[in-house]
Amino acid sequence: AMVMVFGLHVHDHASQLEAQLKSGQGLQKSSLSPTRGGRQELLQFSEFLIFARKIREASLDKLKTQYPDWASARIAAGRDSSAFSHHDLDGSGGISELELRNALKHLGFTPLRQNMQEVFSEVVDGVWHSKRELDFNEFFAFMLVVRQREGFKRSAVEEMRRVFERFDEDNSGEVNALELSDVFRHLGYKASLDDLHVFVKQVDANNSGQLDFREFLRLMRLHREDELARYTAVWDARQDSGRLPQSEVLHALAELGLKPTKMLRLMPKSLPPEGMDFDSFVVVVDSCREELVDNQRKFAGFSEDRIENFHNMFQRFDKDSSGDIDTAELIRILQHFNWEPKTAAEQAVLVNKLDVARARAREAGTKGVGADGSSQIEFWTFVQLCRILETEQEHAEEERLRRLLVELNFSQLEVDQFRQIFCDRKKMQNNCEGDDKLLSEEAAGLSCEGVRRLMRSLVSTIPPEDKAKLEHQLQTLMSGDDKKNDEETLDFHGFLRLMRWLLDTDFARINSRLANKFALV
């Protein structure tokens with residue numbers, strides 16, 4: 001509850017208080033002490049407020065530790081503060097906007113004027129202006145709000161909460177990797193399921209294997225910072241004396257893979273003739289990205305390449321070029337993906353899925369999708385159906401992975417760490433091949449050469465006889481009964497089987513090497 005109120009940055013403090021409560025500490029008489037039958041009672045609201053104050057005080061103490069000079073200046077206002085040099089650039093004893101920007105950067109936030117102005121209006125009495133400085137209490141209040149919102153504006157947090165709740169299908173208050181994939185697609189981010197598992201592990205503070213809203217918001221902040229880093233690199237390369245010339249804006253957008261908004265295309269001279277600073281450039285880029293995401297909502301998260309492939313296949317079965325196909329033709333298309341219904345019951349379910357796909361196509365702004373229950377299917381309905389069926393396939397793969405974990409006797413921690421190795425190596429492989437397509441649309445896994453390079457990174461020397469054993473094992477796994485792709489690659493399930501074999505045979509003494517690197521064995 002404290003994390004939900006203050007943000008993920010208070011997780012450690014909240015965990016300490018929780019431990020105190022469970023041991024009967026923290027209040028003179030803890031209502032969370034076990035009662036008869038082993039159950040625990042809930043905190044009363046007055047007790048909750050006490051602990052909220054403790055969390056706030058702990059956050060203040062931590063900030064004092066991080067910025068002792070500013071904290072001491074608050075206490076010794078007006079006295080000499082010669083150590084006030086790390087962030088107090090002008091030695092005034094107050095905290096200017098420039099100094100505040102430096103502090104935000106130090107904490108991993110990219111300071112944006114529009115975001116800072118919103119927080120200023122909430123924590124500062126009167127009107128904020130460039131010559132105004134914050135005292136330490138105002139600085140604490142400012143940082144508390146920034147961390148609570150993970151650096152986003154209030155409206156952005158509210159929108160992300162709506163998206164989070166929309167895709168929390170079981171209303172559990174948490175999203176798993178599969179639900180997170182739907183969220184990412186809706187927000188216009190591209191990531192494979194393997195990557196999403198890594199993302200979950202990255203911010204899963206309570207180790208639940210899922211993300212609550214605060215953990216999700218932290219993940220979105222990390223992605224936002226990656227975005228802003230790309231914006232910064234482009235802006236730095238094209239700016240002149242701190243401003244991006246008007247003539248460079250469209251080139252900068254193209255470098256980021258974006259097209260100008262409709263308004264900007266109609267009124268290109270609406271850009272300031274003197275150029276724009278970085279904060280203004282971010283506003284323009286964000287608006288272009290937002291329009292792109294809205295326009296591509298009908299893509300259902302697929303890339304333009306896959307949409308083109310779907311369209312080519314759709315046209316092959318649209319014999320009369322009418323722009324739609326019937327259910328019999330649809331089933332023949334689905335056979336190419338092994339998605340076709342195999343029983344009468346599955347055919348009835350497919351009809352219902354088509355109506356869901358039509359609803360999603362309408363929501364994405366597509367017109368002319370036809371009436372529910374119709375035997376005719378137009379292209380964008382087909383695309384939404386493909387997304388539904390591919391998501392079902394991902395669910396089936398997750399269940400298959402769960403069973404494999406039991407079979408191979410791996411812990412979730414081991415699987416998470418192996419997945420990180422797999423994803424990192426796969427990205428290196430794709431970079432070497434110069435392939436910039438989505439991971440989910442590239443080869444299904446590691447090539448034989450990719451596995452060999454991984455082994456060379458884990459084991460410095462492989463004797464010839466062990467090389468022969470490794471090659472035999474790779475060929476066995478790549479042609480096994482549970483192989484799910486026709487390519488000469490090792491998917492993550494096969495990679496886990498390989499790791500089990502390596503550990504069981506202590507291949508080239510790999511156990512000690514992995515134990516030192518990941519503390520797995």
Quick one: do Val249 and Leu244 satisfy side chain to side chain contact (heavy atoms under 4.5 Å, CB included)? Show the steps, please.
-> CA-CA 7 Å; Val249 174; Leu244 186 67; 4.0 Å; yes

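- With Phe152 as the aromatic partner, Arg221 does not meet the cation-pi criteria of under 6.0 angstrom to the ring centre and within 45 degrees of the ring axis.
- Ring pair Phe382/Phe310 is perpendicular by interplanar angle, where above 60° counts as perpendicular and below 30° as parallel.
- In this structure a side-chain-to-backbone donor-acceptor pair under 3.5 Å is present from Gln246 to Leu271.
- Atom CG in Asn338 sits 11.5 Å away from atom CG in Leu389 (nearest 0.5 Å).
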Would Lys201 and Asn207 satisfy side chain to side chain contact (heavy atoms under 4.5 Å, CB included), going step by step from the backbone distance to the final call?
-> CA-CA 8 Å; Lys201 182 64 180 175; Asn207 295 314; 4.0 Å; yes

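- The pair Glu150-Arg224 does not count as a salt bridge, with every side-chain nitrogen at least 4.0 angstrom from each carboxylate oxygen.
- Looking only at side-chain heavy atoms (C-beta outward), Phe213 and Val157 come within less than 4.5 Å of each other.
- Between Phe216 and Phe164, the angle of the ring planes lies from 30° to 60°, which puts this pair in the tilted group.
- In this structure, Asp182 does not pair ionically with Arg166, as no charged nitrogen and carboxylate oxygen lie closer than 4.0 Å.
- Formation of a donor-acceptor pair under 3.5 Å by the Gln117 side chain with backbone atoms of Gln114 is not found in this model.
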Evaluate the salt bridge (charged side-chain N to carboxylate O under 4.0 Å, His left out) criterion for residues Glu390 and Arg185: first the C-alpha distance (whole Å), next the side-chain angles of each, then the deciding distance (0.1 Å), finally the verdict.
-> CA-CA 13 Å; Glu390 188 162 292; Arg185 279 191 289 269; 5.9 Å; no

Candidate pair Met116 and Arg113, rule side chain to side chain contact (heavy atoms under 4.5 Å, CB included), full reasoning = CA-CA 5 Å; Met116 294 176 67; Arg113 179 174 56 248; 5.8 Å; no

Under the side-chain hydrogen bond (donor to acceptor under 3.5 Å, both in side chains) rule, what do Ser303 and Asp305 come out as? Steps first, then yes or no, please.
-> CA-CA 5 Å; Ser303 70; Asp305 286 341; 5.0 Å; no

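- Under a 3.5 Å cut-off, the side chain of Glu225 and the backbone N or O of Leu222 do not form any donor-acceptor pair.
- For Asp294 and Arg297, the salt-bridge test passes: some basic side-chain N is under 4.0 Å from an acidic carboxylate O.
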Between Gln420 and Asp416, is a side-chain hydrogen bond (donor to acceptor under 3.5 Å, both in side chains) present by the stated rule, with each step listed?
-> CA-CA 6 Å; Gln420 183 70 66; Asp416 290 338; over 6 Å; no

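- In this structure, Phe302 has its ring center no closer than 6.0 Å to that of Phe299.
- Looking at heavy atoms from C-beta onward, Ile510 lies in side-chain contact with Met455 at the 4.5 angstrom threshold.
- Glu291 places a side-chain N or O within donor-acceptor distance of the main-chain N or O of Lys262, the cut-off being under 3.5 Å.
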Under the side chain to side chain contact (heavy atoms under 4.5 Å, CB included) criterion, do Asn115 and Phe109 qualify, and how do the steps go?
-> CA-CA 11 Å; Asn115 297 32; Phe109 294 95; over 6 Å; no

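- Between the side chain of Arg218 and the main chain of Val203, no donor-acceptor pair closer than 3.5 Å is present.
- Taking both residues in full, the closest heavy atoms of Val415 and Phe492 are given as O-CZ, 3.9 Å, listed atom of the first, atom of the second, then distance.
- Leu454 CG to Arg452 CZ: the interatomic distance, rounded to the nearest 0.5 Å, is 12.5 Å.
- Between Arg101 and Leu112, the shortest heavy-atom distance links the atoms NH2-C, 4.4 Å.
- Contact between Val383 and Lys298 at its shortest, heavy atoms only, is CG1-O, 3.7 Å.
- Ring pair Phe422/Phe495 is tilted by interplanar angle, where 30° to 60° counts as tilted.
- Of the possible polar contacts, one joining the Glu215 side chain to the Ala205 backbone as a donor-acceptor pair under 3.5 Å is found.
- The structure places OG1 of Thr391 at 12.5 Å from CD of Glu397, a figure rounded to the nearest 0.5 Å.
- Taking 4.5 Å as the limit, some side-chain heavy atom of Cys448 sits within range of a side-chain heavy atom of Met478.
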Derivation of the side-chain hydrogen bond (donor to acceptor under 3.5 Å, both in side chains) call for Arg360 and Thr366 | CA-CA 9 Å; Arg360 293 186 180 180; Thr366 304; over 6 Å; no

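- A cation-pi contact, defined as under 6.0 Å to the ring centre and within 45° of the axis, links Arg289 to Tyr189.
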Could you walk me through whether Asp170 and Ser172 pass side-chain hydrogen bond (donor to acceptor under 3.5 Å, both in side chains), step by step?
-> CA-CA 5 Å; Asp170 55 3; Ser172 64; 3.0 Å; yes

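- Counted within 6.0 Å of CD on Glu304, heavy atoms from surrounding residues, nucleotides or ligands total 12 or fewer; the atom is thus considered open.
- Checked by atom type and distance alone, the side chain of Arg238 never pairs as donor or acceptor with a backbone atom of Glu248 at under 3.5 Å.
- The one candidate from Arg149, Arg154, Lys153 that meets the side chain to side chain donor-acceptor pair (under 3.5 Å) condition with Glu118 is Arg149.
- Using a cutoff of 4.0 Å between basic side-chain nitrogens and carboxylate oxygens, Arg456 and Glu449 are scored as salt-bridged.
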Would Arg402 and Glu398 count as a salt bridge (charged side-chain N to carboxylate O under 4.0 Å, His left out) if you check the C-alpha gap in whole Å, the side-chain angles of each, and the deciding distance to 0.1 Å?
-> CA-CA 6 Å; Arg402 188 191 64 78; Glu398 285 293 287; over 6 Å; no

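- Between Val293 and Gly188, the shortest heavy-atom distance links the atoms CG2-CA, 4.0 Å.
- When every heavy atom of Cys423 is checked against every heavy atom of Val198, the shortest pair comes out as SG-CG2, 4.1 Å.
- By the 4.5 Å heavy-atom criterion applied to side chains, Val234 and Val285 are not counted as neighbours.
- If you take CG on Leu104 and CD on Glu97, they are separated by 10.0 Å, rounding to the nearest 0.5 Å.
- Among all heavy-atom pairs drawn from Gln384 and Ala361, the shortest one is CG-N, 3.8 Å.
- Proximity of a side-chain donor or acceptor of Asp491 to a complementary backbone N or O of Gly445 within less than 3.5 Å is not detected.
- Taking 4.5 Å as the limit, some side-chain heavy atom of Pro260 sits within range of a side-chain heavy atom of Leu250.
- The NZ atom of Lys426 sits 8.0 Å away from atom OG1 of Thr489, with the distance rounded to the nearest 0.5 Å.
- Here the side chains of Arg132 and Phe120 are not in contact, with every heavy-atom distance at 4.5 Å or above.
- With Arg214 contributing its side chain and Gln148 its backbone, the two residues share a donor-acceptor pair below 3.5 Å.
- Judged by distance alone, with hydrogens and angles left aside, the side-chain atoms of Glu138 form a donor-acceptor pair with the main-chain N or O of Asp135 at under 3.5 Å.
- Side-chain contact between Phe184 and His223 is present, with at least one heavy-atom pair separated by less than 4.5 Å.
- Distance CE/Met276 to CH2/Trp235: 11.0 Å, rounded to 0.5 Å.
- Within the 4.5 Å cutoff, the side chain of Met499 has no heavy atoms near those of the Glu414 side chain.
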